[in-house]
Q: 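The following block contains the structure, expressed as structure tokens.
The basis for the numbers below is simple: all heavy atoms, side chains too, and nothing from hydrogens, waters or symmetry mates. All values derive from a computational prediction rather than experimental measurement. The first residue in the sequence is number 1, and the count goes up from there.
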Amino acid sequence: MFTEGVGTTYGEPSSYTNPKKELGKEDFLKLLLEQLKHQDPLNPMEGAEFTAQLAQFSSLEQLFGVNENLTGILETLFNQDKENLLELIGKTVKADDNTILIKDSSVVSGAYTLEEGADVIISILDSNGIEIRRLYPGRQAAGEHNVDWDGRDDSGEMAEDGIYSFEITATNEAGNYVTANTYISGEVTGVTYKYGIPYLMLGDLLVSSDNTIIEVIKTES
């Protein structure tokens with residue numbers, strides 16, 4: 001068949017070369033024409049082989065069309081996503097997240113909801129997933145609750161500035177686990193991109209747009 005950069009027909013080299021370049025639709029056509037031009041008239045290309053090469057070209061053309069369509073779809077989705085995120089600027093959102101931020105020794109904590117009354121334990125984790133503090137708020141009713149963490153670890157030392165997370169363990173009177181949903185909320189002050197991924201800026205917190213937005217409300221003046 002064909003070798004990229006060199007077209008051959010029964011031992012005779014083609015004059016067309018395409019060094020260090022991917023074989024595209026136009027390149028394929030040029031190779032096919034060169035092969036037809038240089039084939040031996042006393043030993044022409046068999047019909048089956050010629051038909052197979054035309055089928056290859058047809059498949060190649062279809063693949064180019066699919067690629068162009070997919071590129072267009074991705075661009076459309078990206079632009080729609082970008083526009084939707086920009087519409088959130090200036091609004092207060094609640095996002096499915098369990099992030100806690102410490103900056104200049106100031107703590108910006110998250111919150112959680114309980115589906116029913118439960119005994120609650122809150123674990124504070126550093127960026128490596130290691131527990132540095134355990135809180136015991138005790139028995140709490142169903143509904144929303146804030147994570148009241150002062151930013152200190154179990155030894156009483158103030159934790160360094162950075163991103164932390166929290167996990168909720170809740171059990172009812174029968175000792176069964178109760179569902180606890182974690183979230184953070186705040187006003188969206190901007191949208192930024194890291195490694196091609198869009199993030200909502202909630203003050204100094206960055207929330208990935210992949211996180212589920214639970215609620216969007218107009219920020220009160």
Q: Search all heavy atoms of Gly156 against all heavy atoms of Arg152 and return the closest pair with its distance.
A: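 Taking every non-hydrogen atom into account, O-NH1, 3.0 Å.
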Q: Under 4.0 Å between a Lys/Arg side-chain N and an Asp/Glu carboxylate O for Asp126 and Arg133?
A: no
Q: Using 0.5 Å steps for rounding, measure from the CG atom of Leu202 to the CG atom of Leu101.
A: 11.0 Å
Q: Under the side chain to side chain donor-acceptor pair (under 3.5 Å) definition, can you give me all pairs with a residue in residues 166-185, not counting sequence neighbours?
A: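 For residues 166-185, and leaving out neighbouring residues, the side chain to side chain donor-acceptor pair (under 3.5 Å) pairs sorted by first residue read Glu144-Tyr183.
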Q: Would Val108 end up clustered with Val93 when hydrophobic side chains under 4.5 Å apart are linked, directly or stepwise?
A: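 Linked, Val108 and Val93 end up in one cluster.
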Q: Could you check whether Glu131 and Ser123, counting side-chain N and O atoms only, form a donor-acceptor pair closer than 3.5 Å?
A: yes
Q: Take Lys91 and Val188 through the side-chain contact (heavy atoms from CB on, under 4.5 Å) test and state the conclusion after the steps.
A: CA-CA 6 Å; Lys91 297 180 181 178; Val188 179; 5.7 Å; no
Q: Does any non-hydrogen side-chain atom of Ser165 lie less than 4.5 Å from one of Thr99?
A: no
Q: Would you please name every residue forming a side-chain contact (heavy atoms from CB on, under 4.5 Å) with Ser127, sequence neighbours left out?
A: none
Q: Short question: side chain of Asp104, backbone of Ser106 - any donor-acceptor pair under 3.5 Å?
A: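 Not confirmed, Asp104 side chain does not pair with Ser106 backbone.
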Q: Distance-only, no hydrogens or angles: does the Asp161 side chain make a donor-acceptor pair with backbone N or O of Ser105 under 3.5 Å?
A: yes
Q: With heavy-atom distances below 4.5 Å as the criterion, would you say the side chains of Leu200 and Val191 are in contact?
A: yes
Q: Taking ILVMFWY side chains as joined if any heavy atoms are under 4.5 angstrom apart, and letting links pass through other members, which residues group with Ile168?
A: Ile100, Ile102, Val107, Tyr112, Leu114, Val120, Ile122, Ile124, Ile132, Leu135, Val147, Trp149, Met158, Tyr164, Phe166
Q: How close do Gly117 and Arg139 get, counting heavy atoms only, and between which atoms?
A: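 Smallest heavy-atom distance, with atoms named: O-NH2, 3.6 Å.
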